[in-house]
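So the structure is just underneath, and the comments pick up after that.
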Amino acid sequence: MFVVFEGVDGAGKSTQLLRCQQWLVELGYPVTVCRDPGSTSLGDRLRSVLLDRSELQIDNIAEMFLFMAARAQLVSEVIRPALATGNVVLCDRFLLSTVVYQGRAGAMDPQDVWRIGASATGGLSPDVTLIFDVPLQVALTRIGDRLDRMESRGEEFLAAVQRGFLAESAMLSGARVIDATGDAAEIHEQVRAAIMPLLAIR
Ligand code: ADP
């Protein structure tokens, strides 16, 4: 089972991913955790190019392909092998993030990003995509001044990202919007409710 955690930075993805991992391990499931971009040597290098604040000039299309390259490596090196051995894979962001940040809120056609993404992932898509939704001010307060290269593009951009996630969620199979405004324990209950039916099928 492949579960992806999505939403703006500060929505609480990493916090919930960790809780979810602890819960599944307690239930006895083998769990693999990863983040996109990252979780491979190539992906970690590309992540620092893409997200660390720097003066490096990156063209919109080049940027999109760098995310896709990291993702292709993550799928082949980590996610597919883990799924093949029966692990539950929990991934912090995936293709939907590129569709939203570089497509809906960016310069590219979201449909083009989906198509290129399908090549990068070899058609692998999550069984469930949890989209953590919070008012922007809540997310910004949670992250304080810890903005990366994507998130430091201004509030208008972040508002477009948030609208983009919601718009895509309406069309994406397996998408579940999680109200991430409450406390972590309450949000975790929503995560359990979203994942539980899939565990039962497994
Ligand atoms: P993301 O991975 O989406 O960027 P994090 O899980 O890293 O978000 O959370 C961002 C910050 O907000 C962290 O300092 C975290 O401790 C805090 N946080 C996470 N969830 C909540 C919550 N439900 N209520 C208040 N603070 C939270």
Side-chain angles (χ1 to χ4, degrees), residues 2-26 31-40 43-44 46-54 63 66-67 70-71 74 78-79 88-106 126 128-169 172 174-196:
F2 179 23
V3 184
V4 168
F5 292 63
E6 290 279 11
V8 291
D9 267 2
K13 296 180 298 298
S14 329
T15 304
Q16 291 302 324
L17 193 151
L18 186 63
R19 278 188 175 237
C20 186
Q21 177 188 17
Q22 288 165 346
W23 169 57
L24 291 170
V25 167
E26 274 166 27
V31 179
T32 296
V33 162
C34 53
R35 65 177 183 174
D36 180 16
S39 301
T40 66
D44 286 337
L46 291 174
R47 184 181 182 92
S48 66
V49 166
L50 285 162
L51 300 180
D52 291 348
R53 265 184 270 188
S54 71
E63 175 182 68
L66 290 173
F67 277 110
R71 186 165 298 131
L74 177 64
V78 177
I79 300 179
V88 176
V89 175
L90 306 179
C91 192
D92 193 336
R93 298 193 182 279
F94 199 59
L95 174 55
L96 178 59
S97 275
T98 315
V99 170
V100 169
Y101 282 78
Q102 279 68 44
R104 288 210 173 245
V128 56
T129 301
L130 305 173
I131 297 169
F132 293 83
D133 187 44
V134 279
L136 266 191
Q137 278 316 318
V138 174
L140 290 172
T141 305
R142 284 183 189 168
I143 50 181
D145 57 4
R146 182 177 61 84
L147 294 176
D148 66 22
R149 194 171 147 274
M150 286 300 130
E151 302 294 335
S152 58
R153 290 182 181 182
E155 285 195 30
E156 215 169 286
F157 177 77
L158 290 179
V161 166
Q162 209 141 24
R163 284 196 302 275
F165 273 122
L166 293 178
E168 290 292 335
S169 74
L172 182 64
R176 291 288 300 271
V177 177
I178 304 281
D179 176 2
T181 39
D183 66 32
E186 190 265 321
I187 300 163
H188 176 63
E189 289 306 316
Q190 296 182 60
V191 172
R192 284 191 186 201
I195 291 176
M196 204 87 85

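One-based numbering, in listed order, for ligands and for the atoms of each.
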Polar side-chain atom of [X] near backbone of [Y] as donor-acceptor pair, under 3.5 Å:
X     : Y     : answer
Arg35 : Asp92 : no
Arg93 : Gly7  : yes
Asp44 : Ser39 : yes
Glu6  : Ser97 : yes

Ligand-residue contact atoms, ligand 1 with [X], heavy atoms, under 4.0 Å:
X      : answer
Ala184 : 23 (N)
Asp183 : 23 (N)
Ile187 : 23 (N)

Non-hydrogen atom of Gly10 closer than 4.0 Å to ligand 1: yes
Val8 near ligand 1 by a heavy-atom separation under 4.0 Å: yes
Check: Phe2 ring centre within less than 6.0 Å of Phe94 ring centre: yes
Do any N/O atoms on [X] end up under 3.5 angstrom from N/O atoms on ligand 1?
X      : answer
Ala180 : no
Thr15  : yes
Ile143 : no
Ser14  : yes
Lys13  : yes

Shortest heavy-atom approach to atom 8 (O) of ligand 1 - which of Gly182, Gly12, Ala185, Gly144: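 Looking at heavy atoms only, the winner is Gly12.
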Validation row: Pro135, Thr181 side chains within 4.5 angstrom (heavy atoms): yes
Distance (rounded to the nearest 0.5 Å) between Ile79 CD1 and Thr40 OG1: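 Answer for the CD1-OG1 pair, Ile79 versus Thr40, is 10.0 Å.
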Pairing residues for Phe5 by the ring pair (Phe, Tyr, Trp, His ring centres under 6.0 Å) criterion, not counting sequence neighbours: Phe132
